[in-house]
Participant: 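My structure is below; once you've seen it, I'll send some questions.
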Amino acid sequence: LDGQFAFGLPALEAARLRVGQRLTDDDIERLQATDQRQRAYDRAVHYLSFRPRSTAEVRRHLAGEALDAAMVEGVIERLTQQGYLNDAEFARFWVDNRQRFRPRGPRALRQELREHGLEGAVIDAALEDLDAAESAFTLAQHRASRMADLAASDPVAFRRKLGDFLARRGYDYEIVRNVVARVAAELGSPDATDET
């Protein structure tokens, strides 16, 4: 404005302006609001570029940028309409990713999803296809391979440590007990039928 940079604009808005055009204070205010909305949107898209996010995560991120609530909600709505934000898809992504790379039990996954701001129904839907027993067994086999010496020398300590490991990962007692007995039996550990 008046030969100096005032603010940036999206290309579609800028194309409507021409050199020498007179802008009223209302026009300038409207254009500045457009610039601020676009910057907020760009920040959100950049935040989403690293990994999928929940709506609550994006909302918290934008709120930390000192934007007003109406603008944040406008950006959230735009991202949702464009398919960039979908809490159900995010929850499924999170559960699948966890099971592939860092398995967790339903209890731990439920807590993690709550921390990401997801609601109970979305969490329940994401966890409904989870085979917790098979997930725990795969994780226990991997962990037991690193504890083979302990399994041979002190089967009780082996079962206790393996059970504690699975419990810390959010698996329920019944699953832990069954999986530890199954892994111990596969290793031929004596006293494999004892309680863990």
Participant: Would you name the heavy atoms of Leu118 and Ser54 that are closest together and state the gap between them?
Facilitator: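 Result for this residue pair: CD2-CB, 3.8 Å.
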Participant: If every non-hydrogen atom of Leu62 is compared with every non-hydrogen atom of Ala40, which pair is closest and at what distance?
Facilitator: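 Distance-wise, the nearest heavy atoms are CD2-O, 3.6 Å.
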Participant: Compare every heavy atom of Leu127 with every heavy atom of Pro106, then report the nearest pair and how far apart it is.
Facilitator: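 That would be O-CD1, 4.0 Å.
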Participant: Do you know which two heavy atoms are closest between Ala133 and Ile175, and how far apart they sit?
Facilitator: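 In terms of heavy atoms, the two residues are closest at CA-CG2, 4.0 Å.
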Participant: Can you label the angle between the His116 ring and the Phe90 ring as parallel, tilted or perpendicular, going by 30° and 60°?
Facilitator: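 Geometry flag for Phe90 against His116: perpendicular rings.
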Participant: Are the side chain of Arg53 and the backbone of Tyr47 linked by a donor-acceptor contact shorter than 3.5 Å?
Facilitator: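 Yes; judged by distance alone, with no hydrogens or angles, the pair exists.
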Participant: Check the pair Leu67 / Gln36 against side chain to side chain contact (heavy atoms under 4.5 Å, CB included), numbers first and verdict last.
Facilitator: CA-CA 9 Å; Leu67 300 170; Gln36 192 175 21; 3.9 Å; yes
Participant: So, taking the atom named NE2 in His61 and the one named CZ in Arg43, what distance separates them when rounded to the nearest 0.5 Å?
Facilitator: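 Taking NE2 in His61 and CZ in Arg43, the distance rounds to 8.0 Å.
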Participant: Can you tell me how far the CZ atom of Phe93 sits from the CG atom of Asp87, to the nearest 0.5 Å?
Facilitator: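 Spacing of CZ (Phe93) from CG (Asp87) equals 13.5 Å.
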Participant: What distance separates Leu166 CG from Asp172 CG, expressed to the nearest 0.5 Å?
Facilitator: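 Going from the CG atom of Leu166 to the CG atom of Asp172 covers 11.5 Å.
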Participant: Using modelled atom types only, decide if a donor and an acceptor are shared between the side chain of Asn178 and the backbone of Glu174 within a distance under 3.5 Å.
Facilitator: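 A pair under 3.5 Å: yes.
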Participant: Do Asp131 and Gln99 come close enough that some side-chain heavy atom pair is under 4.5 Å?
Facilitator: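 No, every pair of side-chain atoms sits at 4.5 Å or beyond.
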Participant: Could you check if a side-chain atom of Gln111 sits within less than 4.5 angstrom of a side-chain atom of Glu115, using non-hydrogen atoms only?
Facilitator: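 Heavy-atom side-chain distance check passes, below 4.5 Å.
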Participant: Check Arg60 with Glu57, please: is the shortest side-chain N to carboxylate O separation under 4.0 Å?
Facilitator: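 Salt bridge: no.
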Participant: Look at the side-chain heavy atoms of Ile, Leu, Val, Met, Phe, Trp and Tyr, link any pair under 4.5 Å apart, and say whether Val176 and Leu130 land in one connected group.
Facilitator: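 The answer is no; the residues belong to distinct hydrophobic clusters.
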Participant: When rounded to the nearest 0.5 angstrom, what is the spacing between CG in Leu162 and CG in Leu187?
Facilitator: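 Spacing of CG (Leu162) from CG (Leu187) equals 9.0 Å.
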Participant: When you compare the side chain of Val183 with that of Phe158, does any pair of heavy atoms fall below 4.5 Å?
Facilitator: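 Side chain of Phe158 against side chain of Val183, heavy atoms only: contact under 4.5 Å found.
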Participant: Can you find a pair of side-chain heavy atoms, one from Val58 and one from Tyr84, that are under 4.5 Å apart?
Facilitator: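 Answer no - side chains too far apart.
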Participant: Can you run down the side chain to side chain donor-acceptor pair (under 3.5 Å) pairs that involve residues 121-130, sequence neighbours left out, and say none if there aren't any?
Facilitator: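 Output for this query lists Arg110-Asp124.
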Participant: If you count the non-hydrogen atoms of other residues, nucleotides and ligands that lie under 6.0 Å from CG in Asp149, is the total more than 12?
Facilitator: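 Check fails, neighbour count at 12 or below.
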Participant: Treating Ile, Leu, Val, Met, Phe, Trp and Tyr as nodes and any side-chain heavy-atom pair under 4.5 angstrom as an edge, say whether Trp94 and Leu48 lie in one connected cluster.
Facilitator: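 The answer is no; the residues belong to distinct hydrophobic clusters.
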Participant: Tell me, do Leu139 and Tyr171 make a side-chain contact under 4.5 Å, heavy atoms counted?
Facilitator: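 SC-SC contact between Leu139 and Tyr171 confirmed.
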Participant: So, for Val179 and Ala136, which heavy atoms are closest and what is the spacing to 0.1 Å?
Facilitator: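 So the two residues come closest at CG1-O, 3.8 Å.
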Participant: Do Glu112 and Arg98 touch side chain to side chain, with heavy atoms closer than 4.5 Å?
Facilitator: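 With C-beta onward as the side chain, the pair touches.
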Participant: Does a side-chain heavy-atom distance below 4.5 Å link Gln141 with Glu186?
Facilitator: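 When only atoms from C-beta onward are counted, Glu186 and Gln141 do touch, with a gap below 4.5 Å.
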Participant: For the CZ atom of Arg159 and the CE atom of Met147, what is their distance to the nearest 0.5 Å?
Facilitator: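 Arg159 CZ to Met147 CE: 11.0 Å, rounded to 0.5 Å.
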Participant: To the nearest 0.5 Å, what is the distance between OG1 on Thr55 and CD on Glu119?
Facilitator: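 So the gap between those two atoms works out to 10.0 Å.
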Participant: What I'd like to find out is whether the side chain of Leu109 reaches to under 4.5 Å of the side chain of Ile123, using heavy atoms alone.
Facilitator: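 They are not in contact (no side-chain heavy atoms under 4.5 Å apart), so the answer is no.
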Participant: How close do Val72 and Arg59 get, counting heavy atoms only, and between which atoms?
Facilitator: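 So the minimum-distance heavy-atom pair works out to CG1-CG, 4.0 Å.
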